[in-house]
Amino acid sequence: MRYQTKESELIIVRPNFEIKVKFNLTNYHSIFNRSHDLIIYQLIMSKFRYINRIFRIIYLNKKYGFLFMAQSFLILFFLLKSLEDSQNDSERFLKKKNFLQNRIYPKQCYWFREQKVSSDFNVSELIRTLPFDSGSVVSKAYSSSEWTSDKKLNVIIVPHSHNDPGWLMTFEQYFYNLTNSILDTVVNSLSEKSTRRFIWAEISYLSLWWSRASEEMRSKMKRLIVDTKQLEIVTDPSIRPNYGWSIDPFGYSPTMAYLLKQMGFDSMLLQRVHYHLKKYLAENQRFEFLWKQSWSSVKDKDTSILCHVMPYGHYDVPSTCGPDSYVCCQFDFMRIPRGIRCPGSQPRLVTKSNIKHQAELLLDQYRKKSQLYGNKDNHNVVFVPLGDDFTYSKLIHAQVQFENYEKIIEYINSKEEFKAYIRFGTLREYFEALMKNNKKFNVNMPSFKGDFFTYADSSNNYWSGYFTSRPFYKRLDRLVGFYLRSAEILFSLNNLIGDTKQSKINFLFKKLIVARQNLAIFQHHDGITGTSKTYVVQDYANKHYIFKSIGYTSLPGSWLIKQINKVFTINFQYLKTTSLKYNKKLYHKKDKMKSEI
């Protein structure tokens with residue numbers, strides 16, 4: 001939320017939502033000139049003690065969205081009316097230019113004392129300058145002299161398959177109809193040639209596949225991941241180093257970037273960013289930047305993470321090889337056995353008679369795409385995804401795709417006049433090449449602050465309805481999370497101070513794992529958002545109920561709590577004594593912090 005002031009009105013602004021409260025605020029302009037909820041809260045509390053409890057209720061219930069906005073509107077109405085009636089008293093607040101910074105905040109929040117890190121561009125400031133006209137990212141002209149024999153264009157093609165854990169079909173339907181065979185195809189195709197690469201992101205599917213796979217297939221996959229490194233599991237915190245892969249969520253929060261950084265991730269890739277922000281990033285060659293936290297201070301440990309933003313509208317082949325989707329579609333060779341047509345010219349198998357034309361056509365797209373990330377002086381690496389939703393489901397699909405690209409890659413790499421080197425790679429290999437390039441040419445990455453909400457993929461097509469759609473299931477998600485967390489706490493307490501048979505502990509632990517997995521799957525960007533088909537959303541909800549087949553319909557957490565209460569024997573007197581000792585230490589620390597302030 002941010003506050004804007006004019007002479008006669010206070011405007012409370014949220015994405016796609018605006019309330020104007022009209023009052024004579026001429027004398028209060030300098031009070032309401034900071035974009036932070038706490039300013040209103042602290043100012044009113046310092047003047048009107050009697051509404052302390054009301055404000056606490058409102059500000060602790062922000063999660064209720066529009067209900068919070070309505071409550072804020074009513075409270076601000078009466079408070080501003082009171083302020084208008086006591087202008088003489090309020091003038092006392094305006095005498096000191098830095099009242100809010102020097103009197104209120106330093107006593108209560110270290111955050112306002114610290115000097116914040118700077119950034120090259122901030123989305124909250126940038127958004128005010130963009131015209132928001134129609135159109136998409138345009139291609140930039142290039143000169144073939146930009147590349148030399150010593151400095152070739154380095155193109156890394158990254159095959160992938162985006163597998164939603166539920167969308168048009170349920171999680172299980174997708175797995176048994178498509179994903180299971182996709183993983184089989186990937187393992188078998190990569191095993192044929194050591195130069196082939198593939199990345200995989202959906203751990204939920206991978207876990208299910210692994211539990212059903214034969215020892216031979218497990219051994220092959222393990223070799224591809226560990227030994228040859230042809231298969232890369234992205235967005236897996238157990239692997240170091242690792243890189244974030246987020247191509248389909250509908251907007252991005254800086255909190256996600258912060259959490260990935262804290263988990264040891266080095267870089268991340270994004271796709272769904274507002275189309276006009278992409279136009280700005282393209283014009284200024286800023287599709288790669290360091291994403292910083294707005295609250296970070298110069299004293300804090302560096303929380304920034306390197307980000308790569310895909311420049312075009314989607315992550316399929318027509319939208320990723322370059323700016324001309326009609327041309328790129330011709331190089332989606334999987335469409336041939338799948339029987340899927342392109343809007344223009346159709347894909348053709350690469351032969352000796354057409355390979356020169358095909359190579360020049362594809363390389364032209366790669367060169368145009370490279371201009372969006374930098375010029376010949378500082379950037380020489382191009383990232384090209386090769387995949388789409390649930391692709392590579394059959395071995396013939398993978399063979400056609402890999403074999404035709406291998407012919408083009410071999411042809412271009414063998415011709416010195418092209419001044420390009422193309423290969424299959426993984427996300428890790430791309431970011432390593434980028435880092436090497438930046439170090440070689442002493443490139444200073446631009447920095448960025450802010451978030452990528454609300455997402456829009458074209459003019460007036462804002463993806464904001466999912467914040468409030470299917471509210472029952474959103475509430476169910478929070479309720480299940482509460483019960484599950486409570487069950488986990490009780491389970492942990494038993495392990496620390498309880499006296500329960502190991503067999504019962506193992507039984508309940510397995511149930512905890514299932515409950516965790518079912519809740520985690522619902523966090524998918526087509527699950528909690530409500531953007532799946534109705535029966536798929538209902539299937540997500542049914543997973544939150546266990547033993548339904550035998551007539552027991554209870555939330556997993558609540559059932560687990562009951563079972564834990566039955567089988568766990570906890571010395572609560574010991575627990576109470578320990579808790580009291582801990583609380584005394586905690587209060588002692590708080591008193592010490594207060595005295596320091």
Side-chain angles (χ1 to χ4, degrees), residues 120-121 126 130 133 135-158 247 267 269-271 273-290 306-331 358-386 408-409 412-413 415 417-423 425 427 429-431 433-448:
D120 295 317
F121 60 109
L126 178 63
L130 299 179
D133 52 0
S136 57
V137 174
V138 295
S139 61
K140 290 178 175 287
Y142 67 86
S143 172
S144 57
S145 61
E146 292 184 18
W147 301 280
T148 63
S149 300
D150 297 329
K151 186 185 175 184
K152 295 181 178 181
L153 179 64
N154 188 5
V155 181
I156 299 178
I157 301 174
V158 182
I247 61 174
S267 309
L269 179 141
L270 311 176
Q271 158 56 26
V273 173
H274 195 292
Y275 75 98
H276 219 286
L277 279 174
K278 285 193 174 185
K279 289 175 67 176
Y280 166 83
L281 296 174
E283 291 169 1
N284 295 272
Q285 296 179 327
R286 287 180 165 181
F287 273 118
E288 289 171 334
F289 51 82
L290 295 174
L306 175 61
C307 287
H308 171 102
V309 178
M310 294 167 62
Y312 306 117
H314 198 52
Y315 48 81
D316 59 357
V317 177
S319 304
T320 53
C321 90
D324 303 319
S325 60
Y326 286 88
V327 175
C328 290
C329 191
Q330 299 176 43
F331 294 93
Q358 295 278 73
E360 291 174 346
L361 197 62
L362 184 59
L363 184 58
D364 176 65
Q365 294 298 304
Y366 292 163
R367 286 172 172 172
K368 288 179 179 178
K369 185 175 184 178
S370 71
Q371 302 304 301
L372 302 178
Y373 291 88
N375 53 44
K376 63 180 180 181
D377 297 325
N378 59 21
H379 202 287
N380 199 39
V381 189
V382 182
F383 175 84
V384 181
L386 187 64
I408 296 176
I409 290 172
I412 292 176
N413 291 345
K415 302 295 182 181
E417 61 268 24
F418 286 135
K419 299 179 178 62
Y421 177 73
I422 306 176
R423 62 189 172 101
L427 196 60
E429 290 175 313
Y430 170 75
F431 278 116
L434 178 64
M435 294 293 189
K436 184 178 179 181
N437 175 85
N438 291 347
K439 185 177 181 180
K440 180 179 180 180
F441 297 103
N442 195 25
V443 177
N444 293 320
M445 301 294 291
S447 57
F448 166 82

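Quick caveat: nothing in here was measured; it's all calculated off a predicted structure.
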> To the nearest 0.5 Å, tell me how far Leu362 CG sits from Ile408 CD1.
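Rounded to the nearest 0.5 Å, the CG-CD1 separation comes out at 5.5 Å.
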
> Quick one: closest heavy-atom pair of Val382 and Leu153, and the distance?
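Residues Val382 and Leu153, closest heavy atoms: CG2-CD1, 3.6 Å.
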
> Mark yes or no for whether Lys369, through its side chain, and Cys321, through its backbone, hold a donor-acceptor pair below 3.5 Å.
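Pair absent, no side-chain N/O of Lys369 close to backbone of Cys321.
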
> Measure the spacing between CD of Glu283 and CG of Leu372 and express it to the nearest 0.5 Å.
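One gets 10.5 Å once the value is rounded to the nearest 0.5 Å.
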
> How long is the gap from CD1 on Ile247 to CG on Leu270, to the nearest 0.5 Å?
11.0 Å

> From Ser370 OG over to Asn154 CG, what is the distance, rounded to the nearest 0.5 angstrom?
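Answer rounded to 0.5 Å: 11.0 Å.
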
> Hey, mind stepping through Asp120 and Phe289 against side-chain contact (heavy atoms from CB on, under 4.5 Å) and telling me if it holds?
CA-CA 9 Å; Asp120 295 317; Phe289 51 82; over 6 Å; no

> I need the minimum non-hydrogen distance between Val317 and Cys328, along with the two atoms involved.
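So the two residues come closest at O-CB, 3.5 Å.
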
> Can you tell me how far the NZ atom of Lys278 sits from the CZ atom of Phe287, to the nearest 0.5 Å?
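The NZ atom of Lys278 sits 6.5 Å away from the CZ atom of Phe287.
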
> Could you tell me whether the side chain of Lys415 and the main chain of Ala420 form a donor-acceptor pair under 3.5 Å?
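Looks like no, no N/O pair under 3.5 Å.
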
> Indicate the atoms forming the closest heavy-atom contact of Leu130 with His276, along with that distance.
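Smallest heavy-atom distance, with atoms named: CB-ND1, 4.0 Å.
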
> Is the backbone of Gly313 close enough, under 3.5 Å, to the side chain of Gln271 for a donor and an acceptor to pair up by distance?
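Judged by distance alone, yes, a pair lies under 3.5 Å.
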
> So how far is it from Gln330 CD to Leu361 CG, rounded to the nearest 0.5 Å?
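Rounded to the nearest 0.5 Å, the CD-CG separation comes out at 6.0 Å.
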
> Indicate yes or no: at least one non-hydrogen side-chain atom of Ile157 is less than 4.5 angstrom from one of Ile409.
yes

> Under a 4.5 Å cut-off applied to non-hydrogen side-chain atoms, are Tyr142 and Asp364 in contact?
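Yes, side chains in contact.
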
> Looking at Thr320 and Met310, what are the two nearest heavy atoms and their distance?
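That would be CG2-CE, 3.8 Å.
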
> Any donor-acceptor pair under 3.5 Å linking the side chain of Lys419 with the backbone of Glu146?
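Flag not set: sc Lys419 to bb Glu146 has no pair under 3.5 Å.
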
> Quick test of your reading of the model: are Asp324 and Lys368 salt-bridged, counting only N-O distances below 4.0 Å?
yes

> Ignoring hydrogens, what is the shortest heavy-atom contact between Phe431 and Leu306? Give both atom names and the distance.
CD2-CD2, 4.0 Å

> Just by distance, do the side chain of Ser319 and the backbone of Tyr315 share a donor-acceptor pair under 3.5 Å?
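Such a contact is absent between Ser319 side chain and Tyr315 backbone.
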
> Any heavy-atom pair between the side chains of His314 and Ser325 that's under 4.5 Å?
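Of all side-chain heavy-atom pairs linking His314 with Ser325, none is under 4.5 Å.
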
> Evaluate side-chain contact (heavy atoms from CB on, under 4.5 Å) for Val137 paired with Leu281, printing each intermediate quantity in order.
CA-CA 9 Å; Val137 174; Leu281 296 174; over 6 Å; no

> Does the side chain of Tyr366 come within less than 4.5 Å of Ile422's, by heavy atoms?
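Side-chain contact under 4.5 Å: yes.
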
> Heavy atoms, side chains only, cut-off 4.5 Å: are Glu288 and Cys307 in contact?
no

> Any chance you could lay out the side-chain contact (heavy atoms from CB on, under 4.5 Å) test for Tyr421 and Asn380, step after step, and finish with the verdict?
CA-CA 11 Å; Tyr421 177 73; Asn380 199 39; over 6 Å; no

> Should Lys279 and Asp133 count as side-chain neighbours, where that means a heavy-atom distance under 4.5 Å?
yes

> My understanding is that only one of Arg286, His308, His379 makes a side-chain hydrogen bond (donor to acceptor under 3.5 Å, both in side chains) with Tyr373; could you say which?
His308

> Which heavy-atom pair separates Ile156 from Tyr430 by the least distance, and what is that distance?
CD1-CA, 3.6 Å

> Passes side-chain contact (heavy atoms from CB on, under 4.5 Å), Phe331 versus Leu386? Steps please.
CA-CA 10 Å; Phe331 294 93; Leu386 187 64; over 6 Å; no

